[in-house]
Protein chains: 2
Amino acid sequence: MSVVYTETPTAGVAPPVRASERAYRQLRGEILDGLLAPGAGLLEVEQSARIGVSRTPLRAAIARLISDGLVAGRPGRGFMVTEMSVDSIRELYEVRRALEEHAARIAAERRDPAVFEALRAQFVQAPGLLERGPAGLSRYYELITEFDDALDAAVMNPFLVGALAGVRTHLARIRRLGRDNPGRLRAAAAEHLLIIEAILAGDSSLAAHATHVHLHQSLTNVLAAIQGHAADPAG
Amino acid sequence: MSVVYTETPTAGVAPPVRASERAYRQLRGEILDGLLAPGAGLLEVEQSARIGVSRTPLRAAIARLISDGLVAGRPGRGFMVTEMSVDSIRELYEVRRALEEHAARIAAERRDPAVFEALRAQFVQAPGLLERGPAGLSRYYELITEFDDALDAAVMNPFLVGALAGVRTHLARIRRLGRDNPGRLRAAAAEHLLIIEAILAGDSSLAAHATHVHLHQSLTNVLAAIQGHAADPAG
DNA sequence: TGAAGTTCCTATGTATACATAGAATCGGTG
DNA sequence: CACCGATTCTATGTATACATAGGAACTTCA
(Lines give C-alpha, C1' and ligand atoms only; values in the text may rest on other atoms or scores of the structure.)
Protein backbone atom coordinates (compact mmCIF):
# COMPACT_ATOMS: atom_id res chain seq x y z
CA MET A 1 0.00 0.00 0.00
CA SER A 2 2.51 2.56 -1.17
CA VAL A 3 1.59 6.20 -1.24
CA VAL A 4 2.44 8.40 -4.19
CA TYR A 5 3.34 11.97 -3.31
CA THR A 6 2.38 14.28 -6.12
CA GLU A 7 3.75 17.26 -4.25
CA THR A 8 7.35 18.27 -4.66
CA PRO A 9 9.72 17.20 -1.85
CA THR A 10 10.65 20.85 -1.37
CA ALA A 11 7.44 21.23 0.58
CA GLY A 12 9.58 20.11 3.50
CA VAL A 13 8.00 20.34 6.94
CA ALA A 14 4.76 21.76 5.62
CA PRO A 15 2.47 18.97 6.80
CA PRO A 16 3.43 18.79 10.52
CA VAL A 17 2.88 22.49 11.20
CA ARG A 18 -0.78 23.25 11.69
CA ALA A 19 -2.40 25.78 9.46
CA SER A 20 -3.58 27.77 12.45
CA GLU A 21 0.00 27.94 13.71
CA ARG A 22 1.31 29.15 10.37
CA ALA A 23 -1.37 31.82 10.17
CA TYR A 24 -0.68 32.93 13.74
CA ARG A 25 3.06 33.22 13.22
CA GLN A 26 2.74 35.07 9.95
CA LEU A 27 0.18 37.57 11.21
CA ARG A 28 2.06 38.06 14.47
CA GLY A 29 5.31 38.65 12.63
CA GLU A 30 3.71 41.10 10.26
CA ILE A 31 2.14 43.05 13.11
CA LEU A 32 5.40 43.14 15.06
CA ASP A 33 7.35 44.22 11.98
CA GLY A 34 4.87 46.96 11.26
CA LEU A 35 3.81 45.52 7.90
CA LEU A 36 0.34 45.40 9.36
CA ALA A 37 0.17 48.87 10.82
CA PRO A 38 -1.79 49.75 13.95
CA GLY A 39 -5.38 50.39 13.01
CA ALA A 40 -5.19 48.12 9.97
CA GLY A 41 -8.27 45.99 9.42
CA LEU A 42 -8.15 42.22 9.35
CA LEU A 43 -10.95 40.45 7.49
CA GLU A 44 -11.25 36.71 7.88
CA VAL A 45 -11.95 35.94 4.23
CA GLU A 46 -9.32 38.35 2.97
CA GLN A 47 -6.55 37.15 5.27
CA SER A 48 -7.39 33.48 4.92
CA ALA A 49 -7.14 33.81 1.14
CA ARG A 50 -3.86 35.72 1.37
CA ILE A 51 -2.18 33.32 3.78
CA GLY A 52 -3.60 30.25 2.14
CA VAL A 53 -5.57 28.67 4.94
CA SER A 54 -9.27 28.31 5.44
CA ARG A 55 -11.31 30.50 7.74
CA THR A 56 -11.39 28.07 10.66
CA PRO A 57 -7.65 28.00 11.45
CA LEU A 58 -7.35 31.68 10.61
CA ARG A 59 -10.06 32.36 13.13
CA ALA A 60 -8.08 30.45 15.76
CA ALA A 61 -5.02 32.52 14.89
CA ILE A 62 -6.91 35.78 15.34
CA ALA A 63 -8.28 34.54 18.66
CA ARG A 64 -4.71 34.04 19.86
CA LEU A 65 -3.70 37.48 18.62
CA ILE A 66 -6.62 38.96 20.54
CA SER A 67 -5.54 37.28 23.75
CA ASP A 68 -2.03 38.58 23.03
CA GLY A 69 -3.50 42.06 22.87
CA LEU A 70 -2.25 42.60 19.33
CA VAL A 71 -5.69 42.56 17.72
CA ALA A 72 -9.05 43.84 18.85
CA GLY A 73 -12.51 42.97 17.55
CA ARG A 74 -15.01 45.61 16.56
CA PRO A 75 -18.56 44.23 16.64
CA GLY A 76 -19.85 44.10 13.13
CA ARG A 77 -16.80 45.75 11.64
CA GLY A 78 -14.26 43.01 11.63
CA PHE A 79 -10.95 43.04 13.50
CA MET A 80 -8.15 45.57 13.65
CA VAL A 81 -4.54 45.74 14.74
CA THR A 82 -4.44 47.52 18.10
CA GLU A 83 -3.02 51.01 18.36
CA MET A 84 -0.02 51.88 20.53
CA SER A 85 -0.55 55.25 22.13
CA VAL A 86 2.14 57.08 24.07
CA ASP A 87 0.15 56.44 27.22
CA SER A 88 -0.02 52.73 26.55
CA ILE A 89 3.74 52.66 26.06
CA ARG A 90 4.19 54.28 29.46
CA GLU A 91 1.77 51.76 30.96
CA LEU A 92 3.61 48.91 29.34
CA TYR A 93 6.92 50.06 30.74
CA GLU A 94 5.36 50.37 34.16
CA VAL A 95 4.45 46.69 34.16
CA ARG A 96 7.74 45.81 32.57
CA ARG A 97 9.58 47.53 35.39
CA ALA A 98 7.65 45.63 38.03
CA LEU A 99 8.30 42.27 36.37
CA GLU A 100 11.88 42.73 35.24
CA GLU A 101 13.02 44.25 38.49
CA HIS A 102 11.61 41.24 40.24
CA ALA A 103 13.20 38.90 37.73
CA ALA A 104 16.59 40.58 38.12
CA ARG A 105 16.33 40.34 41.87
CA ILE A 106 15.56 36.63 41.70
CA ALA A 107 18.25 36.00 39.13
CA ALA A 108 20.79 37.57 41.50
CA GLU A 109 19.61 35.29 44.29
CA ARG A 110 19.51 32.07 42.26
CA ARG A 111 22.30 32.95 39.90
CA ASP A 112 23.96 30.55 37.49
CA PRO A 113 27.47 32.04 37.25
CA ALA A 114 28.52 30.19 34.11
CA VAL A 115 25.72 31.58 31.96
CA PHE A 116 26.10 35.16 33.16
CA GLU A 117 29.89 35.04 32.97
CA ALA A 118 29.53 34.19 29.29
CA LEU A 119 27.00 36.96 28.83
CA ARG A 120 29.31 39.44 30.51
CA ALA A 121 32.08 38.60 28.08
CA GLN A 122 29.68 39.15 25.20
CA PHE A 123 28.37 42.45 26.48
CA VAL A 124 31.88 43.77 27.08
CA GLN A 125 32.39 43.44 23.34
CA ALA A 126 28.97 44.85 22.49
CA PRO A 127 30.16 48.42 21.78
CA GLY A 128 32.45 46.99 19.12
CA LEU A 129 29.53 45.26 17.45
CA LEU A 130 27.78 48.58 16.97
CA GLU A 131 30.52 49.72 14.62
CA ARG A 132 30.19 46.72 12.32
CA GLY A 133 27.11 47.72 10.37
CA PRO A 134 23.84 45.83 10.06
CA ALA A 135 25.40 42.43 10.83
CA GLY A 136 26.83 43.70 14.10
CA LEU A 137 23.54 45.37 14.93
CA SER A 138 21.69 42.16 14.30
CA ARG A 139 24.12 40.31 16.57
CA TYR A 140 23.58 42.97 19.20
CA TYR A 141 19.82 42.39 19.26
CA GLU A 142 20.46 38.67 19.36
CA LEU A 143 22.52 39.30 22.45
CA ILE A 144 19.64 41.11 24.12
CA THR A 145 17.48 38.10 23.43
CA GLU A 146 20.08 35.82 24.99
CA PHE A 147 20.10 38.04 28.04
CA ASP A 148 16.31 37.82 28.30
CA ASP A 149 16.46 34.05 27.91
CA ALA A 150 19.10 33.77 30.61
CA LEU A 151 16.92 35.81 32.92
CA ASP A 152 13.95 33.56 32.16
CA ALA A 153 15.98 30.46 32.85
CA ALA A 154 17.30 31.94 36.09
CA VAL A 155 13.93 32.81 37.58
CA MET A 156 12.53 29.34 36.87
CA ASN A 157 8.98 30.60 37.16
CA PRO A 158 6.56 29.82 34.32
CA PHE A 159 4.08 32.45 35.46
CA LEU A 160 6.68 35.19 35.57
CA VAL A 161 8.22 34.09 32.28
CA GLY A 162 4.78 34.05 30.70
CA ALA A 163 3.94 37.52 31.93
CA LEU A 164 7.29 38.79 30.67
CA ALA A 165 6.69 37.17 27.30
CA GLY A 166 3.44 39.06 26.99
CA VAL A 167 5.15 42.33 27.78
CA ARG A 168 8.02 41.66 25.39
CA THR A 169 5.58 40.95 22.58
CA HIS A 170 4.38 44.52 22.74
CA LEU A 171 7.90 45.80 23.22
CA ALA A 172 8.90 44.29 19.90
CA ARG A 173 6.47 46.67 18.23
CA ILE A 174 7.86 49.65 20.10
CA ARG A 175 11.50 48.83 19.60
CA ARG A 176 11.31 49.62 15.90
CA LEU A 177 10.72 53.25 16.77
CA GLY A 178 13.92 53.94 18.64
CA ARG A 179 16.37 51.47 17.25
CA ASP A 180 18.34 53.85 15.06
CA ASN A 181 20.26 55.54 17.83
CA PRO A 182 23.84 54.24 18.18
CA GLY A 183 24.55 56.35 21.23
CA ARG A 184 21.55 54.93 23.04
CA LEU A 185 22.52 51.37 22.10
CA ARG A 186 26.00 51.85 23.51
CA ALA A 187 24.55 53.19 26.74
CA ALA A 188 22.07 50.31 26.86
CA ALA A 189 24.93 47.82 26.54
CA ALA A 190 26.64 49.42 29.52
CA GLU A 191 23.41 49.25 31.50
CA HIS A 192 22.98 45.58 30.68
CA LEU A 193 26.56 44.97 31.72
CA LEU A 194 25.90 46.51 35.11
CA ILE A 195 22.83 44.33 35.62
CA ILE A 196 24.83 41.25 34.70
CA GLU A 197 27.62 42.16 37.09
CA ALA A 198 25.12 42.74 39.87
CA ILE A 199 23.63 39.30 39.22
CA LEU A 200 27.09 37.74 39.23
CA ALA A 201 27.88 39.48 42.51
CA GLY A 202 24.65 38.18 44.00
CA ASP A 203 23.65 41.77 44.70
CA SER A 204 19.91 41.48 44.20
CA SER A 205 19.20 45.02 45.28
CA LEU A 206 21.65 46.47 42.78
CA ALA A 207 20.32 44.18 40.07
CA ALA A 208 16.81 45.50 40.66
CA HIS A 209 17.86 49.13 40.80
CA ALA A 210 20.08 48.84 37.74
CA THR A 211 17.16 47.30 35.90
CA HIS A 212 14.95 50.18 36.99
CA VAL A 213 17.49 52.68 35.69
CA HIS A 214 17.90 50.81 32.43
CA LEU A 215 14.17 50.72 31.77
CA HIS A 216 13.82 54.37 32.67
CA GLN A 217 16.47 55.28 30.12
CA SER A 218 14.95 52.98 27.56
CA LEU A 219 11.52 54.53 27.98
CA THR A 220 12.97 58.02 27.82
CA ASN A 221 14.70 57.13 24.56
CA VAL A 222 11.56 55.63 23.04
CA LEU A 223 9.44 58.62 23.97
CA ALA A 224 12.06 60.99 22.56
CA ALA A 225 12.12 58.98 19.34
CA ILE A 226 8.36 59.25 19.05
CA GLN A 227 8.51 62.99 19.59
CA GLY A 228 11.18 63.22 16.93
CA HIS A 229 9.15 61.20 14.46
CA ALA A 230 6.06 63.24 15.24
CA ALA A 231 7.96 66.47 14.61
CA ASP A 232 9.61 65.09 11.47
CA PRO A 233 7.29 62.47 9.96
CA ALA A 234 9.39 62.22 6.81
CA GLY A 235 12.47 61.10 8.75
CA MET B 1 -39.16 56.44 21.33
CA SER B 2 -40.67 53.37 22.95
CA VAL B 3 -39.53 49.91 21.95
CA VAL B 4 -41.81 46.89 21.94
CA TYR B 5 -40.15 43.67 23.05
CA THR B 6 -41.86 40.67 21.56
CA GLU B 7 -39.62 38.28 23.44
CA THR B 8 -40.55 37.27 26.94
CA PRO B 9 -38.53 39.25 29.49
CA THR B 10 -37.41 36.01 31.09
CA ALA B 11 -35.45 35.20 27.98
CA GLY B 12 -33.06 37.94 29.05
CA VAL B 13 -29.82 38.23 27.16
CA ALA B 14 -29.84 34.67 25.88
CA PRO B 15 -29.65 35.35 22.13
CA PRO B 16 -26.80 37.90 22.06
CA VAL B 17 -24.38 35.74 24.02
CA ARG B 18 -22.28 33.67 21.67
CA ALA B 19 -22.13 29.95 22.10
CA SER B 20 -18.35 30.10 22.44
CA GLU B 21 -18.74 32.62 25.27
CA ARG B 22 -21.24 30.43 27.09
CA ALA B 23 -18.99 27.41 26.77
CA TYR B 24 -15.98 29.40 27.96
CA ARG B 25 -17.75 30.76 31.02
CA GLN B 26 -19.21 27.43 32.00
CA LEU B 27 -15.96 25.52 31.65
CA ARG B 28 -13.98 28.26 33.36
CA GLY B 29 -16.43 28.36 36.24
CA GLU B 30 -16.37 24.61 36.64
CA ILE B 31 -12.57 24.53 36.66
CA LEU B 32 -12.37 27.37 39.18
CA ASP B 33 -14.98 25.73 41.40
CA GLY B 34 -13.16 22.43 41.26
CA LEU B 35 -16.03 20.59 39.58
CA LEU B 36 -13.56 19.86 36.83
CA ALA B 37 -10.64 18.69 38.93
CA PRO B 38 -7.00 19.21 37.96
CA GLY B 39 -5.96 16.43 35.63
CA ALA B 40 -9.49 15.90 34.35
CA GLY B 41 -9.68 15.24 30.65
CA LEU B 42 -11.65 17.43 28.28
CA LEU B 43 -12.77 15.88 25.01
CA GLU B 44 -14.23 18.15 22.36
CA VAL B 45 -17.11 15.89 21.38
CA GLU B 46 -17.96 14.99 24.97
CA GLN B 47 -17.94 18.55 26.30
CA SER B 48 -19.69 20.04 23.29
CA ALA B 49 -22.51 17.53 23.75
CA ARG B 50 -22.72 18.20 27.47
CA ILE B 51 -22.76 21.99 27.20
CA GLY B 52 -24.99 21.98 24.15
CA VAL B 53 -22.83 23.74 21.59
CA SER B 54 -21.11 22.38 18.53
CA ARG B 55 -17.42 21.59 18.37
CA THR B 56 -16.38 24.84 16.69
CA PRO B 57 -17.35 27.27 19.48
CA LEU B 58 -16.26 24.76 22.10
CA ARG B 59 -12.89 24.66 20.43
CA ALA B 60 -12.65 28.44 20.68
CA ALA B 61 -13.55 28.20 24.37
CA ILE B 62 -10.80 25.66 25.01
CA ALA B 63 -8.33 27.82 23.14
CA ARG B 64 -9.12 30.68 25.52
CA LEU B 65 -8.75 28.39 28.52
CA ILE B 66 -5.37 27.30 27.22
CA SER B 67 -4.17 30.88 26.93
CA ASP B 68 -5.50 31.42 30.46
CA GLY B 69 -3.30 28.54 31.58
CA LEU B 70 -6.27 26.59 32.94
CA VAL B 71 -6.11 23.87 30.30
CA ALA B 72 -3.22 22.17 28.54
CA GLY B 73 -3.22 20.11 25.36
CA ARG B 74 -1.65 16.70 25.16
CA PRO B 75 -0.83 15.81 21.57
CA GLY B 76 -3.05 12.96 20.51
CA ARG B 77 -4.62 12.55 23.93
CA GLY B 78 -7.03 15.42 24.12
CA PHE B 79 -6.94 18.24 26.63
CA MET B 80 -6.74 18.27 30.40
CA VAL B 81 -7.27 20.68 33.27
CA THR B 82 -3.87 21.87 34.44
CA GLU B 83 -2.52 20.70 37.78
CA MET B 84 -1.65 23.08 40.61
CA SER B 85 1.47 21.88 42.36
CA VAL B 86 2.80 23.40 45.56
CA ASP B 87 5.70 24.78 43.56
CA SER B 88 3.40 26.44 41.06
CA ILE B 89 1.48 28.05 43.91
CA ARG B 90 4.72 29.50 45.22
CA GLU B 91 5.59 30.72 41.74
CA LEU B 92 2.17 32.25 41.33
CA TYR B 93 2.49 34.16 44.58
CA GLU B 94 5.90 35.39 43.53
CA VAL B 95 4.42 37.07 40.46
CA ARG B 96 1.44 38.20 42.44
CA ARG B 97 3.72 39.93 44.91
CA ALA B 98 5.56 41.77 42.17
CA LEU B 99 2.36 42.98 40.53
CA GLU B 100 0.27 43.79 43.59
CA GLU B 101 3.09 45.56 45.40
CA HIS B 102 3.49 47.73 42.34
CA ALA B 103 -0.25 48.27 42.10
CA ALA B 104 -0.49 49.22 45.77
CA ARG B 105 2.39 51.65 45.35
CA ILE B 106 0.71 53.33 42.40
CA ALA B 107 -2.67 53.38 44.10
CA ALA B 108 -1.08 55.25 47.01
CA GLU B 109 0.42 57.78 44.61
CA ARG B 110 -2.70 58.33 42.51
CA ARG B 111 -5.20 57.71 45.26
CA ASP B 112 -8.90 58.36 44.99
CA PRO B 113 -9.76 59.11 48.65
CA ALA B 114 -13.53 58.70 48.31
CA VAL B 115 -13.36 55.10 47.09
CA PHE B 116 -10.82 53.97 49.65
CA GLU B 117 -12.54 55.82 52.49
CA ALA B 118 -15.64 53.78 51.73
CA LEU B 119 -13.60 50.60 51.58
CA ARG B 120 -11.99 51.38 54.90
CA ALA B 121 -15.40 51.72 56.53
CA GLN B 122 -16.38 48.34 55.10
CA PHE B 123 -13.21 46.60 56.20
CA VAL B 124 -13.49 47.98 59.71
CA GLN B 125 -16.74 46.03 59.96
CA ALA B 126 -15.32 42.94 58.27
CA PRO B 127 -14.56 41.00 61.48
CA GLY B 128 -18.24 41.26 62.37
CA LEU B 129 -19.20 39.74 59.03
CA LEU B 130 -17.22 36.65 59.83
CA GLU B 131 -19.55 35.84 62.72
CA ARG B 132 -22.67 35.93 60.58
CA GLY B 133 -22.46 32.56 58.89
CA PRO B 134 -22.30 31.84 55.16
CA ALA B 135 -24.03 35.07 54.16
CA GLY B 136 -21.47 37.15 56.02
CA LEU B 137 -18.67 35.06 54.57
CA SER B 138 -20.02 35.59 51.09
CA ARG B 139 -20.19 39.32 51.74
CA TYR B 140 -16.61 39.22 52.97
CA TYR B 141 -15.34 37.70 49.76
CA GLU B 142 -17.39 40.24 47.84
CA LEU B 143 -15.53 42.90 49.77
CA ILE B 144 -12.19 41.47 48.70
CA THR B 145 -13.34 41.69 45.10
CA GLU B 146 -14.34 45.31 45.62
CA PHE B 147 -10.90 45.99 47.01
CA ASP B 148 -9.28 44.38 43.96
CA ASP B 149 -11.53 46.40 41.66
CA ALA B 150 -10.66 49.62 43.46
CA LEU B 151 -6.98 48.82 43.05
CA ASP B 152 -7.49 48.14 39.35
CA ALA B 153 -9.34 51.41 38.91
CA ALA B 154 -6.64 53.29 40.80
CA VAL B 155 -3.71 52.06 38.76
CA MET B 156 -5.44 52.93 35.46
CA ASN B 157 -3.15 50.61 33.55
CA PRO B 158 -4.75 48.02 31.25
CA PHE B 159 -1.56 45.98 31.02
CA LEU B 160 -1.14 45.76 34.78
CA VAL B 161 -4.83 45.06 35.30
CA GLY B 162 -4.68 42.35 32.67
CA ALA B 163 -1.66 40.70 34.24
CA LEU B 164 -3.34 40.83 37.64
CA ALA B 165 -6.50 39.31 36.18
CA GLY B 166 -4.47 36.38 34.90
CA VAL B 167 -2.93 35.85 38.31
CA ARG B 168 -6.26 36.15 40.10
CA THR B 169 -7.77 33.54 37.81
CA HIS B 170 -5.39 30.96 39.20
CA LEU B 171 -5.82 32.29 42.72
CA ALA B 172 -9.51 31.54 42.56
CA ARG B 173 -8.63 27.87 42.25
CA ILE B 174 -6.25 28.03 45.20
CA ARG B 175 -8.52 30.01 47.48
CA ARG B 176 -10.88 27.07 47.88
CA LEU B 177 -8.16 25.24 49.76
CA GLY B 178 -7.66 27.61 52.63
CA ARG B 179 -10.96 29.43 52.92
CA ASP B 180 -12.25 27.65 56.00
CA ASN B 181 -10.06 29.40 58.52
CA PRO B 182 -11.86 32.17 60.45
CA GLY B 183 -8.74 33.23 62.28
CA ARG B 184 -6.89 33.72 59.04
CA LEU B 185 -9.75 35.68 57.52
CA ARG B 186 -9.83 38.02 60.49
CA ALA B 187 -6.11 38.61 60.16
CA ALA B 188 -6.45 39.12 56.43
CA ALA B 189 -9.10 41.78 57.00
CA ALA B 190 -6.72 43.62 59.29
CA GLU B 191 -3.97 43.36 56.68
CA HIS B 192 -6.26 44.76 54.00
CA LEU B 193 -7.21 47.57 56.33
CA LEU B 194 -3.58 48.52 56.77
CA ILE B 195 -3.04 48.57 53.00
CA ILE B 196 -6.09 50.78 52.58
CA GLU B 197 -4.92 53.18 55.25
CA ALA B 198 -1.48 53.36 53.67
CA ILE B 199 -3.10 54.21 50.34
CA LEU B 200 -5.28 56.85 51.98
CA ALA B 201 -2.22 58.34 53.65
CA GLY B 202 -0.41 58.41 50.32
CA ASP B 203 2.32 56.29 51.85
CA SER B 204 3.31 54.27 48.79
CA SER B 205 6.20 52.54 50.53
CA LEU B 206 4.01 51.32 53.37
CA ALA B 207 1.31 50.25 50.92
CA ALA B 208 3.83 48.11 49.07
CA HIS B 209 5.35 46.61 52.19
CA ALA B 210 1.95 45.94 53.76
CA THR B 211 0.94 44.18 50.55
CA HIS B 212 4.10 42.10 50.71
CA VAL B 213 3.34 41.10 54.28
CA HIS B 214 -0.27 40.30 53.44
CA LEU B 215 0.68 38.06 50.54
CA HIS B 216 3.34 36.34 52.59
CA GLN B 217 0.78 35.51 55.26
CA SER B 218 -1.73 34.44 52.65
CA LEU B 219 0.74 32.09 51.01
CA THR B 220 1.78 30.68 54.37
CA ASN B 221 -1.85 29.96 55.18
CA VAL B 222 -2.51 28.32 51.83
CA LEU B 223 0.55 26.10 52.12
CA ALA B 224 -0.40 25.13 55.67
CA ALA B 225 -3.90 24.27 54.48
CA ILE B 226 -2.47 22.05 51.76
CA GLN B 227 -0.25 20.29 54.29
CA GLY B 228 -3.27 19.80 56.52
CA HIS B 229 -5.37 18.37 53.71
CA ALA B 230 -2.53 16.13 52.66
CA ALA B 231 -2.14 14.82 56.20
CA ASP B 232 -5.89 14.51 56.68
CA PRO B 233 -7.51 13.96 53.29
CA ALA B 234 -10.89 13.21 54.90
CA GLY B 235 -11.06 16.63 56.54
C1' DT C 1 -31.90 69.30 -0.65
C1' DG C 2 -32.18 66.86 3.69
C1' DA C 3 -33.70 63.14 6.43
C1' DA C 4 -35.69 58.78 7.28
C1' DG C 5 -36.76 54.34 5.97
C1' DT C 6 -35.55 50.23 3.68
C1' DT C 7 -32.79 47.16 1.27
C1' DC C 8 -28.71 44.86 0.24
C1' DC C 9 -24.32 43.42 1.34
C1' DT C 10 -20.64 42.00 4.02
C1' DA C 11 -18.48 39.88 7.84
C1' DT C 12 -18.64 36.98 11.60
C1' DG C 13 -20.93 32.95 14.30
C1' DT C 14 -22.16 28.19 13.94
C1' DA C 15 -22.77 23.48 12.41
C1' DT C 16 -21.21 19.51 10.12
C1' DA C 17 -18.60 16.49 7.04
C1' DC C 18 -14.06 14.87 5.95
C1' DA C 19 -8.87 14.04 6.59
C1' DT C 20 -5.24 12.50 9.40
C1' DA C 21 -2.13 11.36 13.11
C1' DG C 22 -1.35 9.09 17.27
C1' DA C 23 -2.41 5.60 20.88
C1' DA C 24 -4.03 1.53 22.63
C1' DT C 25 -5.04 -3.05 21.71
C1' DC C 26 -4.98 -7.42 19.90
C1' DG C 27 -2.79 -10.99 17.44
C1' DG C 28 1.15 -13.52 15.91
C1' DT C 29 5.68 -15.24 16.50
C1' DG C 30 10.15 -16.20 18.64
C1' DC D 1 5.79 -15.74 28.24
C1' DA D 2 7.58 -11.61 26.10
C1' DC D 3 8.14 -8.77 22.28
C1' DC D 4 7.12 -6.95 17.82
C1' DG D 5 3.84 -5.80 14.40
C1' DA D 6 -0.39 -4.33 12.25
C1' DT D 7 -4.93 -2.73 12.84
C1' DT D 8 -8.51 -0.19 14.59
C1' DC D 9 -10.24 3.38 17.03
C1' DT D 10 -10.41 7.85 18.77
C1' DA D 11 -9.53 12.59 18.96
C1' DT D 12 -8.11 16.63 16.91
C1' DG D 13 -7.19 19.52 12.49
C1' DT D 14 -9.37 21.40 8.47
C1' DA D 15 -12.66 22.78 4.98
C1' DT D 16 -17.02 24.29 3.63
C1' DA D 17 -21.96 25.40 3.79
C1' DC D 18 -25.46 27.90 6.19
C1' DA D 19 -27.49 31.45 9.56
C1' DT D 20 -27.61 36.02 11.20
C1' DA D 21 -26.58 40.64 12.68
C1' DG D 22 -24.97 44.99 11.73
C1' DG D 23 -23.57 48.71 8.46
C1' DA D 24 -23.62 51.33 4.44
C1' DA D 25 -25.75 53.06 0.67
C1' DC D 26 -29.58 54.01 -2.02
C1' DT D 27 -34.11 55.53 -2.65
C1' DT D 28 -38.06 58.03 -1.60
C1' DC D 29 -40.74 61.46 0.54
C1' DA D 30 -41.32 65.93 2.53
Sub-3.5 Å donor-acceptor pair from the side chain of [X] to the main-chain atoms of [Y], do we have one?
{"X": "A:Ser88", "Y": "A:Met84", "result": "no"}
{"X": "B:Ser138", "Y": "B:Pro134", "result": "no"}
{"X": "B:Thr82", "Y": "B:Leu70", "result": "yes"}
{"X": "B:Ser218", "Y": "B:His214", "result": "no"}

Counting side-chain heavy atoms from C-beta on, which of [options] comes nearest to [X]?
{"X": "A:Pro57", "options": "D:dA15, C:dT12, D:dT12", "answer": "D:dA15"}
{"X": "A:Thr56", "options": "D:dT12, C:dT12, D:dA15", "answer": "D:dA15"}
{"X": "A:Arg55", "options": "C:dA15, D:dA17, D:dT14", "answer": "D:dA17"}
{"X": "B:Val53", "options": "C:dT14, D:dT12, C:dA15", "answer": "C:dA15"}
{"X": "B:Ser20", "options": "C:dT14, D:dT14, C:dT12", "answer": "C:dT14"}
{"X": "A:Ser54", "options": "C:dT12, D:dT16, D:dT12", "answer": "D:dT16"}

Can you find a heavy atom in the side chain of [X] that is under 4.5 Å from one in the side chain of [Y]?
{"X": "A:Leu27", "Y": "A:Leu58", "value": "yes"}
{"X": "A:Leu185", "Y": "A:Tyr141", "value": "yes"}
{"X": "A:Arg96", "Y": "A:Tyr93", "value": "yes"}

**Asked** In terms of side-chain heavy atoms, does B:Arg105 have a donor or acceptor partner in B:Thr211 at a distance below 3.5 Å?
**Response** no
I need the [atom1]-[atom2] distance between [X] and [N], as an integer number of Å.
{"X": "B:Glu44", "N": "C:dT14", "atom1": "CD", "atom2": "P", "value": "15 Å"}
{"X": "B:Arg18", "N": "C:dA15", "atom1": "CZ", "atom2": "P", "value": "13 Å"}
{"X": "B:Leu43", "N": "C:dA23", "atom1": "CG", "atom2": "P", "value": "15 Å"}
{"X": "B:Arg22", "N": "C:dA15", "atom1": "CZ", "atom2": "P", "value": "8 Å"}
{"X": "A:Leu42", "N": "C:dT12", "atom1": "CG", "atom2": "C1'", "value": "14 Å"}
{"X": "A:Ile62", "N": "C:dA11", "atom1": "CD1", "atom2": "P", "value": "12 Å"}

**Asked** Considering residues at least two apart in sequence or located in another chain, which fulfil the ring pair (Phe, Tyr, Trp, His ring centres under 6.0 Å) criterion with A:Phe123?
**Response**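 By the ring pair (Phe, Tyr, Trp, His ring centres under 6.0 Å) rule, A:Phe123 matches A:His192.
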Side-chain donor-acceptor distances from residues 155-164 of chain A under 3.5 Å, at least two apart:
unit_1, atom_1, unit_2, atom_2, d
A:Asn157, OD1, A:Phe159, N, 3.0
A:Asn157, OD1, A:Leu160, N, 3.2
A:Asn157, ND2, B:Glu91, O, 3.0
A:Asn157, ND2, B:Glu94, OE1, 3.0

**Message:** What verdict does the salt bridge (Lys or Arg N to Asp or Glu O under 4.0 Å) test give for A:Glu21 and A:Arg64, after you've listed the backbone C-alpha separation in whole Å, the side-chain angles of each residue and the deciding distance to 0.1 Å?
**Reply:** CA-CA 10 Å; A:Glu21 185 70 20; A:Arg64 287 179 66 184; 2.9 Å; yes
**Message:** Under 4.0 Å, counting only non-hydrogen atoms across every strand here, what does B:Leu58 touch: a base, just sugar-phosphate, or nothing?
**Reply:** nothing
Enumerate the protein-to-nucleotides 22-24 of chain D contacts in which both atoms are nitrogen or oxygen and the separation is below 3.5 Å.
unit_1, atom_1, unit_2, atom_2, d
D:dA24, OP1, A:Arg77, NH1, 3.2

**Any residue of residues 63-73 of chain A with a heavy atom less than 4.0 Å from an atom of DNA chain D** =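 Nucleic-acid contacts, sorted: none.
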**Message:** Under the salt bridge (Lys or Arg N to Asp or Glu O under 4.0 Å) definition, can you give me all pairs with a residue in residues 144-165 of chain B, not counting sequence neighbours?
**Reply:**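 As it turns out, the salt bridge (Lys or Arg N to Asp or Glu O under 4.0 Å) pairs with a partner in residues 144-165 of chain B, which skip direct neighbours, are B:Arg139-B:Glu146, B:Asp148-B:Arg168, B:Asp152-B:Arg168.
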For nucleotides 6-10 of chain D, give me every protein contact, N/O to N/O, under 3.5 Å, one pair per line with atom names.
none

